[in-house]
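The structure displayed is predicted, hence computed values, not measured ones. Numbering of residues begins at 1 and proceeds along the displayed sequence.
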Amino acid sequence: MTVGSGEADPTGLSALYEQCLGSAEPDRATGDDSEKSALAEALRVAREESSELGGHAPDANATALLQLLASMSQASSAVYIGSAPGVVALSILTGMSSAAGGTKPGMVTAITSDPHHSEAGKKAVKAAGFPASSCRVIAARPLEVMGKLAAGTYGLVVAHDGEVEAKALATRGLELVGGGAVVVLDSISFFDDVDGLPESARITRLPLGDGMSILTA
């Protein structure tokens with residue numbers, strides 16, 4: 001695991017990494033047993049449908065960290081770019097719900113180029129008991145949508161490797177999150193060659209799933 005350029009970890013992400021290892025996704029949920037069961041089943045179905053549609057959902061440890069990031073940032077809105085929007089949206093919404101003491105506030109804007117994934121994402125969110133309005137799924141080119149979103153109003157931006165060019169994601173992602181985090185799944189070195197990052201920028205590289213890169217500033 002590498003944090004920044006070998007400096008101390010000012011963001012505390014190393015501790016979060018240790019905390020989420022081996023955790024089960026449903027255990028991060030708040031609410032009674034029936035709500036946790038509904039979430040577990042919705043996640044299971046969302047993973048299966050993602051695989052059938054050719055998508056790649058993050059594993060349980062990676063989604064556990066997304067839940068923790070959403071919870072600790074107390075984000076009320078987030079952006080996700082990639083396939084399997086149901087799995088990632090449920091992870092982020094669960095983190096938001098935990099931060100809010102068990103209520104289900106906030107919204108995830110999920111951007112995917114495949115309309116089949118779009119429908120699967122909406123279905124997963126509804127199955128888990130979240131309001132339909134908590135997940136807005138848009139089938140369009142990611143950068144076009146990101147350019148229309150309001151800067152500084154999102155606590156978290158999550159994307160799969162290969163969805164958006166690194167420089168563009170770093171630049172626009174940091175604009176959208178303000179003091180939040182830009183997370184890239186399936187790559188441990190996504191931001192390594194990006195020039196012109198703010199002096200305050202920190203890159204955290206975690207061996208979760210197929211790799212995770214986290215950019216904060």
Does any N or O in the side chain of [X] come within less than 3.5 Å of the main-chain N or O of [Y], such that one atom is a donor and the other an acceptor?
X: His160; Y: His56; answer: yes
X: Ser71; Y: Gln67; answer: no
X: Lys167; Y: Asp195; answer: yes
X: Thr63; Y: Ala60; answer: yes
X: Arg47; Y: Ala84; answer: no

Closest contact, heavy atoms only, [X] versus [Y]:
X: Val87; Y: Ala57; answer: CG2-CB, 3.9 Å
X: Ser83; Y: Gly55; answer: OG-CA, 3.5 Å
X: Gly106; Y: Met96; answer: CA-SD, 4.0 Å
X: Ala217; Y: Leu174; answer: CB-CD2, 4.0 Å
X: Ala110; Y: Pro85; answer: CB-CB, 3.8 Å
X: Pro131; Y: Ser134; answer: O-OG, 2.6 Å

Honestly curious: do [X] and [Y] fall in one hydrophobic cluster under the side-chain, below-4.5 Å linking rule?
X: Val137; Y: Val125; result: no
X: Leu208; Y: Val88; result: yes
X: Val45; Y: Leu39; result: no
X: Val177; Y: Phe191; result: yes

With a 4.5 Å cut-off on side-chain heavy atoms, are [Y] and [X] touching?
X: Thr216; Y: Thr204; result: no
X: Phe130; Y: Thr94; result: yes
X: Arg205; Y: Asp192; result: yes

How long is the span from the [atom1] atom in [X] to the [atom2] atom in [Y], to the nearest 0.5 Å?
X: Thr171; Y: Leu197; atom1: OG1; atom2: CG; value: 7.5 Å
X: Ile214; Y: Leu206; atom1: CD1; atom2: CG; value: 4.5 Å
X: Lys123; Y: Cys135; atom1: NZ; atom2: SG; value: 14.5 Å
X: Ile92; Y: Leu66; atom1: CD1; atom2: CG; value: 6.0 Å
X: Ser213; Y: Asp161; atom1: OG; atom2: CG; value: 8.0 Å
X: Thr109; Y: Leu149; atom1: OG1; atom2: CG; value: 6.0 Å

**Report entry** Result of checking Val183, Val184, Ile188 against Met212 for side-chain contact (heavy atoms from CB on, under 4.5 Å)
**Finding:** Val183
Report task. Could you walk me through whether Arg172 and Val164 pass side-chain contact (heavy atoms from CB on, under 4.5 Å), step by step? Result -> CA-CA 10 Å; Arg172 186 55 182 157; Val164 182; over 6 Å; no
Query - Pair Lys148 + Glu144, salt bridge at N-O below 4.0 Å - result: no
Query raised in the report: What do you reckon, is CD of Glu165 surrounded by more than 12 foreign heavy atoms closer than 6.0 Å?
Result: yes
Query raised in the report: Counting only heavy atoms not in Lys126, do more than 12 sit closer than 6.0 Å to its NZ atom?
Result: no
